[in-house]
Number of protein chains: 2
Amino acid sequence: MKASIERKPLRPASTQALVGREPAPESEPMFDLIELFFFAYRDFVGDADRLLENYQFGRAHHRVLHFVYRRPGLAIAALLDILKITKQSLNRVLKQLLDAGFVEAREGATDRRQRLLFPTAKGARLAQELATLQSERFRRVFGELPPEARETTVDFLLAMVNAPDREKVRAHLPPRRRRRQHTEDDAA
Amino acid sequence: MKASIERKPLRPASTQALVGREPAPESEPMFDLIELFFFAYRDFVGDADRLLENYQFGRAHHRVLHFVYRRPGLAIAALLDILKITKQSLNRVLKQLLDAGFVEAREGATDRRQRLLFPTAKGARLAQELATLQSERFRRVFGELPPEARETTVDFLLAMVNAPDREKVRAHLPPRRRRRQHTEDDAA
DNA sequence: ACTTATACGTCAGCTATATTGACATATTTC
DNA sequence: GAAATATGTCAATATAGCTGACGTATAAGT
């Protein structure tokens, strides 16, 4: 044994915190939401992770395949912008997906420098399988919650996205059934 | 240029998808939610990431510090169970937090094998700063949504957590104000 | 008291995902 | 023709995780 993690000085110690917890004003950090978001996301991606193992793929592959499936004909630059990673990072993962025949690249019709990405039949199948698996969790969840919950959740998640990307994301959402809501602009 | 990513065979290609999109039955994958969850979480953790850079810490440090702050007196095994990582993975990160004086370990009072973790004053400050930053995003979001949205969101996120952990997580939530809701059991 | 189980730490080596920086090549645009 | 753009690639590095094996202190079971 050596450095910092050791059994030596250590005051006897009680279970009491070093930091007291106050009654909590309204501007307090929202620890509950922070933790819930962490746990929820951890378990959400965990579903897919297990399935991906059968293909020797990781989360990075999943993300690429997902967006290629959802936005067929996506160019590299657009994909990089979505994933917010560098092209070098993308390259390894994309190459594996291409080699394994889950994605294919075609020369851009108007701009021949571009390499447009499409899922193959095999890739589409896996993308669907993954999405179905993750959707099962959503379906269970919304089955347990009141019917408005789904719409509220979409609103919540969308609002969580940074403004610059929000509209791009909204554009890929399914059209929304105009519903009676809380909005004041109903009168307009 | 070499392997898979090349400019050679490639049929001319149109922008059209290989995979058709059907009118969508009710059992369709919920792509909208899947993507929204991804984007929302990506931007949510991005806030903290930027702050962490000033300390030469990463997300892993953030998670450890957060849970040590929230559950002062946490034992190693309990922390591992929360994070779902191995002790070897935790070790490097925890050692750095101990060495840098953000967390301290004390010998367990009843079981002296245990090493109970506490935030130092400095660690508590950083944990609060990070939580405050992330809470600002939540506060903006719920400011834009109807008042019930927060409660619905908590319900949604909690339901997303795997059942085995759900109760443990709920136990750390602030007590909930009994509110008039949609529930049918009101009559009871 | 002896044995076994538990809680933790550590060494070594490995993988996946990401980064920065520099440079190459094809194609489009000005 | 020159410059900008879209992409690929090489090399080095960082972070966060993993498995496997082993060590040590303490607690619990018999």
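Note on naming: letters A, B, ... go to the chains in the order of the sequence lines (proteins, then strands), and numbering restarts at 1 for each one.
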Chemist: Between B:Arg137 and B:Phe44, is NZ or CZ placed under 6.0 angstrom from the six-membered ring centre and within 45° of the ring axis?
Modeler: no
Chemist: What is the distance, to the nearest angstrom, from the CG atom on A:Asp99 to the P atom on D:dG8?
Modeler: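 The answer, rounded to whole Å, is 13 Å.
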Chemist: Are B:Phe142 and A:Phe156 close enough, and set up right, to give a ring pair (Phe, Tyr, Trp, His ring centres under 6.0 Å), and what steps lead you there?
Modeler: CA-CA 8 Å; B:Phe142 292 116; A:Phe156 161 70; 5.6 Å; yes
Chemist: OP1 or OP2 of D:dG8 sitting under 4.0 Å from any side-chain N/O of A:Lys95?
Modeler: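 For A:Lys95, the contact criterion (side-chain N or O under 4.0 Å from OP1 or OP2 of D:dG8) is not met.
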Chemist: Flag the pair B:Val45 / B:His62 as yes when at least one side-chain heavy-atom distance between them is below 4.5 Å, and no otherwise.
Modeler: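 When only atoms from C-beta onward are counted, B:His62 and B:Val45 do not touch, as no gap falls below 4.5 Å.
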Chemist: Answer whether the closest heavy-atom distance between the side chains of A:Ile34 and B:His66 falls below 4.5 Å.
Modeler: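 Side-chain contact under 4.5 Å: yes.
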Chemist: Nearest whole angstrom, please: distance from the C1' of D:dT7 to the CG of A:Asn91.
Modeler: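 That distance rounds to 9 Å.
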Chemist: With no hydrogens and no angle check, do the side chains of A:His61 and A:Gln96 hold a donor and an acceptor under 3.5 Å apart?
Modeler: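 The answer is yes; a qualifying pair exists.
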Chemist: Let me know the distance between CG of A:Leu97 and P of C:dA16, rounded to the nearest Å.
Modeler: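 After rounding, the reported distance stands at 13 Å.
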Chemist: Please give the angle, rounded to 10 degrees, between the axes at the start and the end of the helix from C:dA1-D:dT30 to C:dC30-D:dG1, where five pairs define each axis.
Modeler: 30°
Chemist: Taking atom P of C:dA18 as reference, at what distance in whole Å does atom CG of A:Leu94 sit?
Modeler: 13 Å
Chemist: Is the shortest distance from a Lys or Arg side-chain nitrogen in A:Arg140 or A:Glu144 to a carboxylate oxygen in the other one below 4.0 Å?
Modeler: yes
Chemist: Is the phosphate of D:dT26 approached by B:Arg112 (side-chain N or O, under 4.0 Å from OP1 or OP2)?
Modeler: yes
Chemist: In whole Å, what is the span from the CZ atom of A:Arg115 to the C1' atom of D:dG8?
Modeler: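 Those two atoms, CZ and C1', are 9 Å apart.
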Chemist: Salt bridge or not for B:Arg150 and A:Asp32, using N-O below 4.0 Å?
Modeler: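 A:Asp32 and B:Arg150: salt-bridged.
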Chemist: So, does the side chain of B:Arg113 form a donor-acceptor pair with the base of C:dT6 at under 3.5 Å?
Modeler: yes
Chemist: Please list all pairs meeting salt bridge (charged side-chain N to carboxylate O under 4.0 Å, His left out) that have one or both residues in residues 78-92 of chain A, counting only residues at least two apart or in different chains.
Modeler: A:Asp81-A:Lys84, A:Asp81-A:Lys168, A:Lys84-A:Asp165
Chemist: What integer distance in Å separates A:Leu52:CG from C:dA16:P?
Modeler: 12 Å
Chemist: Which nucleotides of nucleotides 11-18 of chain D have their base under 4.0 Å from a protein heavy atom (B), which only their sugar-phosphate (S), and which neither (-), written as one string 5' to 3'?
Modeler: -----BBB
Chemist: Return the orientation label for the A:Phe57 and A:Phe102 ring planes: parallel under 30°, perpendicular over 60°, tilted otherwise.
Modeler: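 Plane angle over 60°, so perpendicular.
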Chemist: Mind calculating the distance between CD (A:Glu107) and P (C:dT27) to the nearest angstrom?
Modeler: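 Rounded to whole Å, this separation is 7 Å.
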Chemist: Rounded to the Å, how far apart are B:Asp81 CG and C:dC8 P?
Modeler: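 Checked: the CG to P distance equals 12 Å.
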